[in-house]
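One structure below.
Position 1 is the first residue of the sequence; numbering continues from there. Numbering of ligands and ligand atoms starts at 1, following listing order.
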Amino acid sequence: MNEIEKKVQSIGVVPVIKLNNPDRDAVPLAKALIDGGVPVAEVTFRAAGAAKAIKAMHDAYPEMLVGAGTVLTTDQVDEAMAAGAQFIVTPGMDPEIVAYCKKVGVQIFPGCTTPTDYHTAYKFGLEVLKFFPAEQSGGIAKIKAMSAPFPMFKVMPTGGISLKNLADYAKNPVIAACGGSYMVTADLIEGGKWDEITDLCKKSVEIVKEARNG
Ligand SMILES: O=C(O)C(=O)C[C@H](O)[C@H](O)COP(=O)(O)O
């Protein structure tokens, strides 16, 4: 694993963020995550101001690992990188985007759930994949089944993860980190509930730590 993959794994959870008001919320949200022991953010391009949010977080907290999610085009890769994104996440396995990310030298976590996706990722020499949507695609049982032919990958399951099932994923060595929006819901962000976000992050980190040690 490279340094970014190792850092993601050591943090253990990756908040998947949609920010409607980056000017107001990006920096306090970044602080809330850092205070909770989760200095990483996947800022999705589902919201128009994603690049702005990435830049604001990266500028305010250069030590934080800030990446772009829901990236659907190579133009968005450019936009994200110009804003300071250190990693790119795509919902699906798009060989064009993976090839582009490798060419420009940015970390890519493509969404993979099928043997075909994994095989494509193998040909690119990737090591860590996003497994999306995790629960809806078969959850940890499917992730384990995929590890039989593809033991070389670690995955970042995302989709349907919460404090309730986090440990079930995190305790398996195939899991690099768990992604989710449960600690950064629209309600929490719109309500400026930064302490609650910090608390959810702390709980998440604790659960992952216990699951890995147990
Ligand atoms: O937009 C993307 O590229 C995504 O990857 C989608 C998010 O990962 C999921 O929406 C998070 O799932 P929940 O934690 O169940 O909310």
Next item on the list: Could you tell me whether K7 atom NZ has more than 12 heavy atoms of other residues or ligands within 6.0 Å of it?
Entry: yes
Checklist line | Salt-bridge present (E3, K6; N to O < 4.0 Å) | finding: yes
Next item on the list: Please answer whether the main-chain N or O of E5 pairs with a side-chain N or O of N2 as donor and acceptor at a distance below 3.5 Å.
Entry: yes
Distances for all N or O pairs of ligand 1 and the protein under 3.5 Å?
residue	atom	partner	partner atom	Å
ligand 1	1 (O)	R46	NE	3.0
ligand 1	1 (O)	R46	NH2	3.3
ligand 1	1 (O)	T70	OG1	2.6
ligand 1	3 (O)	T70	N	3.3
ligand 1	3 (O)	T70	OG1	3.0
ligand 1	5 (O)	K130	NZ	2.4
ligand 1	8 (O)	K130	NZ	3.2
ligand 1	14 (O)	S181	N	2.9
ligand 1	14 (O)	S181	OG	3.3
ligand 1	15 (O)	G160	N	2.8
ligand 1	16 (O)	S181	OG	2.5

Item checked: Distance-minimising heavy-atom pair for H58 and V66 -> N-CG2, 4.2 Å
Notebook entry, point to check: Do NZ/NE/NH1/NH2 and the carboxylate oxygens of K55 and E79 come within less than 4.0 Å?
Noted result: no
Margin query: Does the Lys NZ or Arg CZ of K130 fall within the cation-pi geometry relative to F132 - under 6.0 Å from the ring centre and within 45° of the axis?
Written below: yes
